[in-house]
Number of protein chains: 2
Amino acid sequence: MKIASWNVNSVRSRLEHVTNWLQQNPVDVLCLQETKVVDADFPHTGLEALGYNIYIYGQKSYNGVALLSKKPLEQVTTGFASILPDIEPGWDEQKRIITGIIDGVRILNLYVPNGSEIDSEKYKYKLGWLNLLHKYLQTLLSTTPNICMCGDFNIALEDRDIHEKVSSIKNHIMSSDAERQALKELLELGFADAFRKFTEEGEHFSWWDYRTMAFSRNRGWRIDHHYLTPELYKKAISCVIDIEPRKLEKPSDHTPVIVEF
Amino acid sequence: MKIASWNVNSVRSRLEHVTNWLQQNPVDVLCLQETKVVDADFPHTGLEALGYNIYIYGQKSYNGVALLSKKPLEQVTTGFASILPDIEPGWDEQKRIITGIIDGVRILNLYVPNGSEIDSEKYKYKLGWLNLLHKYLQTLLSTTPNICMCGDFNIALEDRDIHEKVSSIKNHIMSSDAERQALKELLELGFADAFRKFTEEGEHFSWWDYRTMAFSRNRGWRIDHHYLTPELYKKAISCVIDIEPRKLEKPSDHTPVIVEF
DNA sequence: GGAATGCTTG
DNA sequence: CAAGCATTCC
């Protein structure tokens, strides 16, 4: 089974890239982030024509996630509150989580907040969001032990996940201690990085800023991840970053990552 | 010699259409209107690669005209004031006129004001502008008797230049009596419509509103013209509208018109 | 840098 | 409907 994750930075702007990529890469499930569209306006046509079932959780302008799956997914739920009914309302105003089950495997598609700048309000929101995700995962694990948690984490866990020029900067957003610590604590629930099962060296990235020719200089960050529970991690046979879509005209700033197990 | 006129509705948005069209249609001179760009930002590259000399008279956001010519043009001048130094300042704030000479023929490239609505301030500006153009032409004719005056006139001179659905409406902008009269008075200086030398029937248009599917219904207007002084008119061997560019993705609302003499 | 919104123009 | 602009976000 192949599960891909791709922050498309507007599914409507990227529709042709996504459909072309799926024709070349007919993965079982594609997890999209930053769809930036309300559900009523999601571009079903074209994706459904390729044989995908579509599950969406979107909003206007920002955020938004979607699951595309060849086989219908079971138990699709969106937001935190469906799993954690007692949380403060407001946490689901930003549409960032969608999950469903395929062949007994829970696919969890995340768009973790970016955080803007260290110590900003958005940074605090990011840490609070990750804290809530911790509880959310505990609940999920109690019923579905096999989870593929993937998406745009907006966190590079290690310095080798960041290009040389920036990996030395202390406390950059997406690599600050508090964010990394919060992510590590999630992973200690029993998740391992599929990409690092197969590739130890650095200079492999999934996101390059649009500015300052970051892509042509390969000044990127690996912030899109697939984290697998033990049984799935054991079964994983590959995890690759496909940088081709980043080379196209008007690309997303992210490129797809694909795990196979 | 082939002289084309094309209101491109932003030369930056239409750059690929223009370069592709010029490769298929290597005219001697291409007159562009509504370039919508300041001279510093005009996209020289690509057009110069096709072997064109570029003469521009642009402004931010609105209007703007340009001449592209295989051979260098002589005596290129822009605006009214270069020819009519005594006019009130202000008439050249909107960049709508550029002219130059090739093989003894003066090419005059115009973007006549649209006028918005009958009796509006913009309508009065249009009539004032045409009145000034009259004086401008008298001066030009005294030194260069062979003139190809072309561009977007924003006037359909006769009812056969407008699709059936609208040609009955009295006093529509672009076909009101005062505009037509102003244009006729210009032509009485000694200009004739190159297109009508070869084609008598209606239903030939050069502009279709983006709205209401005007192009697919062929609800257009013929408002882009080549008006020739007698000797050139005699020499004219064709004048055609090329509707192909209007069929492309993200087209201009106008399409090129080409005269050959 | 690119996509979103809301604005103005044609 | 499709340009432009200014603004916000990442």
Side-chain angles (χ1 to χ4, degrees), chain A residues 7-15 17 33-38 41 58-64 94-96 111-117 120-123 125-126 152-155 172-174 207-217 219-221 223-224 246 248-254, chain B residues 7-15 17 32-38 41 58-64 94-96 111-117 120-123 125-126 152 154 172-174 207-217 219-221 223 246 248-254:
Chain A
N7 178 322
V8 287
N9 187 15
S10 168
V11 68
R12 284 179 293 180
S13 294
R14 222 68 59 209
L15 189 55
H17 289 194
Q33 302 90 37
E34 281 205 88
T35 53
K36 292 187 173 179
V37 65
V38 292
D41 294 340
Q59 68 182 89
K60 186 165 142 178
S61 301
Y62 305 112
N63 313 310
Q94 299 184 18
K95 312 306 186 196
R96 296 176 176 277
Y111 175 47
V112 177
N114 170 278
S116 188
E117 289 183 336
S120 66
E121 280 308 306
K122 284 173 183 164
Y123 185 75
Y125 182 84
K126 182 178 193 174
D152 176 3
F153 285 76
N154 271 313
I155 297 173
H172 192 291
I173 191 68
M174 300 191 292
W207 173 79
W208 299 260
D209 198 305
Y210 283 124
R211 292 160 286 192
T212 67
M213 310 213 299
F215 182 68
S216 60
R217 296 170 167 181
R219 296 190 176 176
W221 295 61
I223 58 178
D224 300 272
R246 185 62 236 250
L248 300 174
E249 289 287 295
K250 293 253 168 205
S252 168
D253 42 356
H254 295 252
Chain B
N7 178 322
V8 286
N9 188 16
S10 169
V11 69
R12 285 178 295 180
S13 294
R14 221 68 59 206
L15 188 57
H17 288 195
L32 299 178
Q33 303 90 37
E34 281 206 87
T35 53
K36 292 187 174 181
V37 64
V38 292
D41 294 341
Q59 69 181 92
K60 186 165 142 179
S61 300
Y62 303 111
N63 313 309
Q94 299 184 16
K95 313 304 185 196
R96 297 176 174 276
Y111 175 47
V112 177
N114 172 278
S116 188
E117 289 184 334
S120 66
E121 280 308 306
K122 285 173 182 162
Y123 185 75
Y125 183 85
K126 183 179 194 172
D152 176 3
N154 271 312
H172 191 292
I173 191 68
M174 300 190 293
W207 173 80
W208 299 259
D209 199 305
Y210 282 124
R211 291 161 286 193
T212 68
M213 310 212 301
F215 182 67
S216 59
R217 298 170 167 180
R219 295 189 177 178
W221 294 62
I223 58 178
R246 185 61 234 248
L248 300 173
E249 289 286 295
K250 293 255 167 203
S252 169
D253 43 354
H254 295 251

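It should be emphasised that the depicted structure is a prediction, and the values quoted were computed from it without experimental measurement. Quick note on labels: first sequence line is chain A, next is B, and so on, each numbered from 1.
If you take CZ of B:R217 and P of D:dC1, they are 12 Å apart, rounded to a whole angstrom. Atom CH2 in B:W207 sits about 15 Å away from atom P in D:dA3, given to the nearest Å. Separating the CG atom of A:N7 from the P atom of D:dC9 is a distance of 18 Å, rounded to the nearest angstrom. If you measure from atom CH2 of A:W221 to atom P of D:dC10, you get 16 Å, rounded to the nearest angstrom. The interatomic distance linking A:E121 (CD) with D:dC9 (C1') rounds to 16 Å, in whole Å. To the nearest angstrom, P of D:dC9 lies 13 Å from CD of A:Q59. Across the protein-nucleic acid pair, B:L248 atom CG and D:dA2 atom P stand 13 Å apart, rounded to whole Å. Rounded to an integer number of Å, the gap from CZ of B:R219 to P of D:dC1 is 15 Å.
Not counting sequence neighbours, the partners of A:E121 by the salt bridge (charged side-chain N to carboxylate O under 4.0 Å, His left out) test are A:K124.
The shortest distance between side-chain heavy atoms of B:N63 and B:Q33 does not fall below 4.5 Å. Side-chain contact between A:Q59 and A:R96 is absent, with no heavy atoms from C-beta onward closer than 4.5 Å. Considering only heavy atoms from C-beta on, A:R219 stays 4.5 Å or farther from A:T212 through its side chain.
B:H172 and B:W221 have tilted rings, their planes meeting at an angle from 30° to 60° on a 0 to 90° scale.
Side-chain contact check for A:K126 and A:N114: no donor-acceptor pair (N or O, by modelled atom type) lies under 3.5 Å.
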Contact state string [nucleotides 2-10 of chain C, B base, S sugar-phosphate only, - no protein heavy atom under 4.0 Å]
SSSSS--SB

